[in-house]
Visitor: 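Quick one: structure below, then a few questions.
Side chains included, hydrogens not; waters and symmetry mates left out as well; all remaining heavy atoms used. Keep in mind the model is a prediction, meaning the values are calculated, not measured. Atoms within a ligand are numbered from 1 in the order they appear, just like the ligands themselves.
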Amino acid sequence: MTNDVVVVGSGGGALIAAYLAQKSGLKTVVLERTNLVGGTSAYSGGSCWLPGTEVQQRAGLSDSTEGARSYLEALLPTPLSTNVEVFLAESPKLVAELEADDAFEWEWSPFPEYFDAPGRVPMGRSIQPSNIRRDELPAEVGALVRPPVERDRAGEGGRNTLSGGQALIARTLMAFVRDGGTVLTDHNVIDYVVENGRVVGVTTEGGETIRGERGVIVAAGGFEGNDTLRSANGVPGAAEWTMAPTGTNTGEIIEAGKALGAAIDHMDKAWLCPGLEQPEGGGSFTLGFRGGVMVDSDGRRYANESLPYDQFGNQMAGAPNRIPSHFVFDSREGGGLPAIAMPEGDPAEHLKAGTWTQADTIAELSEKLGLTDLSETVERFNTFARNGVDEDFGRGKDEYDNFFTGGATLIPLETPPYIAARFVLSDLGTKGGMVIDEHGRVVRPDGDPIPGLYATSNSAASIFGPFYPGPGAPLGQALVFASRAVQHITA
Ligand code: FAD
């Protein structure tokens, strides 16, 4: 099968690359290993950290490219890398290009940024595709979009209104198919076809060779679903706890790039988050804790529970007695988890499976779980909560801490029964992958590009290195470098 462009994977970065390539007149095929399109991107909130666009202007925000540069300069090594500068310069152009097509519609979504640094925009600068109804989509497109995580894990179909990441996938897929693009599901790409030193296609597990004469763009997730690669590279957490859909992102295609000579970077990093352990195993991305305390195996707090999830995940990864942790909460909300967990699971099932433990007193809970110092921890936290100041970890001070709780971040635990929910270290994908230049080209350790090979999304080393600047950073960078790859192919 011969095409101009082969795109490996079907998350946000992949589909934006495919859409832009097809729109430029290049015959483009998307190869997806599962039977559904969208990967983790379809589970996501669809938030994109794309600063300085018309969307933020329309919303009347104090956002600008310069403001975003100041913010990044406060976090990242300076001077900012060429890729970060390209990201800043290209974000507004990309969104304008997408919005020129009726298939796309973007809006600001309030969600505070993750660092109190100069240039931070109050309530955040992230944008997301507007919702779209299933009946606005061609049936074959609607049927391909991976359902939201809580339905997908239960083997259920999607809803009538597609929002967040589902809207991103649905809108982009709709436009790509409308323009004549091809999507082949159940196509697991295992290697590259190289001729005269140039990547000109891929081979699949099924034995097919699929040519992309002008370029191959890899946007096939990271290696979060592969325990061998995780431990070889020192990524904390585990494949069974990742949020990536089962059977998706196992990283062999990054390894194949490495075998071709690609440089790799940030291989020990992931977009981490606390994961509510589920009765059937696995972790659920959790954020927005209202009340409660997260404790280690001694029953001690170790961080501000309201930290941005990636920062909390890094705290969890910081000592062996924090995985698992226990989130201890009271019954003021009727026994449900006072946080947003995707999915939460049924409290009764949790209690039956032992992922949650309940007791009438904190002392009894401490005894049941061997959390020796829990009573002292809760007593201390309750004093902080009553005084309104967390003297140990400053919980409740930052805009982000209060966003999900309406300011009620410090709440004493005083309504029995008390519940301890087991937490593992989950992630939204790994951050390490093939190193790319400002054109999205995969480069060798000496900086020379590998002709014909491009990467973006979590298949490419994150331009933000160990940082997670704000909501939508993974998708924001994925989309921009998808666009850069196509610009280079068409130049
Ligand atoms: P994916 O979206 O997972 O896509 C990779 C696809 O490639 C998969 O479908 C996979 O099956 C396929 N694939 C893998 N290997 C191969 C192969 N060899 N051959 C063919 N196909 C292959 N990030 C944000 O930026 N904003 C958010 O709002 C946000 N919210 C989130 C909310 C939740 C609940 C979760 C779980 C994550 C969220 N994230 C968010 C994180 C973000 O979704 C992911 O980090 C990002 O979508 C990963 O994109 P990707 O293209 O690298 O991988």
Visitor: For Y114 and Y400, take the angle between the two ring planes, folded into 0 to 90°, and tell me which bin it lands in: parallel under 30, tilted 30 to 60, perpendicular over 60.
Guide: perpendicular
Visitor: Non-hydrogen atoms of G45 versus ligand 1: any pair closer than 4.0 Å?
Guide: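 The answer is yes: ligand 1 sits under 4.0 Å from a heavy atom of G45.
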Visitor: How far is atom 7 (O) of ligand 1 from its nearest protein heavy atom, and which residue and atom name does that atom have?
Guide: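 Protein heavy atom at minimum distance: G9 CA, 3.3 Å.
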Visitor: Scan V183, L137, V30 and name whichever one has a side-chain contact (heavy atoms from CB on, under 4.5 Å) with L173.
Guide: V183
Visitor: Please state which protein non-hydrogen atom is closest to atom 19 (N) of ligand 1 and give its distance, to 0.1 Å?
Guide: V189 N, 2.9 Å
Visitor: When the aromatic ring centroids of F423 and F289 are compared, is their separation below 6.0 Å?
Guide: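 Yes: the rings meet the under 6.0 Å criterion.
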Visitor: Would A14 count as a contact of ligand 1 if the rule is a heavy atom under 4.0 Å away?
Guide: no
Visitor: Classify the angle between the aromatic ring planes of W356 and F329 as parallel (below 30°), tilted (30 to 60°) or perpendicular (above 60°).
Guide: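 Judged by the thresholds at 30° and 60°, the geometry between W356 and F329 is perpendicular.
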Visitor: With a 4.0 Å cut-off on heavy atoms, is Q128 touching ligand 1?
Guide: no
Visitor: Answer yes or no for A244: is there a heavy-atom contact with ligand 1 below 4.0 Å?
Guide: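 Outside the 4.0 Å threshold, so no.
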Visitor: For ligand 1, is A478 a contact, meaning one of its heavy atoms is under 4.0 Å away?
Guide: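 In this structure, A478 fails to qualify as a contact of ligand 1 - no heavy atom is under 4.0 Å.
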Visitor: Would you indicate which of L184, L428, T456 comes nearest to atom 35 (C) of ligand 1 when only heavy atoms are counted?
Guide: L428
Visitor: Counting each atom of ligand 1 from 1 as listed, which ones have a heavy atom of G11 under 4.0 Å away?
Guide: 2 (O), 4 (O), 51 (O)
Visitor: Aromatic ring centroids of F404 and F111 under 6.0 Å?
Guide: yes
Visitor: As a test of understanding, state which of D427, T242, D268 forms a side chain to side chain donor-acceptor pair (under 3.5 Å) with R230.
Guide: D427
Visitor: Out of A341, G476, S44, whose heavy atom is nearest to atom 29 (C) of ligand 1?
Guide: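 Looking at heavy atoms only, the winner is S44.
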Visitor: Looking at ligand 1, would V8 count as a contact under a 4.0 Å heavy-atom criterion?
Guide: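 Flag set, V8 near ligand 1.
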Visitor: Between F464 and F87 (judged by ring centroids, cut-off 6.0 Å), do the two rings come close enough to count as a pair?
Guide: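 Yes, the ring of F464 comes within the 6.0 Å limit of the ring of F87, centre to centre.
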Visitor: What protein heavy atom sits nearest atom 12 (C) of ligand 1, and how far away is it?
Guide: E32 OE1, 3.2 Å
Visitor: Counting non-hydrogen protein atoms only, what is the nearest one to atom 52 (O) of ligand 1? Give residue, atom name and distance.
Guide: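 Ranked first by proximity to atom 52 (O) of ligand 1 is N458 N, 2.9 Å.
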Visitor: Provide the number and element of each atom of ligand 1 under 4.0 Å from a heavy atom of L31.
Guide: 20 (C), 21 (N)
Visitor: If you round to the nearest 0.5 Å, how far is CD1 of I132 from CE of M174?
Guide: 4.0 Å
Visitor: Just by distance, with hydrogens left out, do E32 and T34 show a side-chain donor and acceptor under 3.5 Å apart?
Guide: yes
Visitor: Contact between G165 and ligand 1, counting heavy atoms under 4.0 Å?
Guide: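 Judged by the 4.0 Å heavy-atom criterion, G165 does not count as contacting ligand 1.
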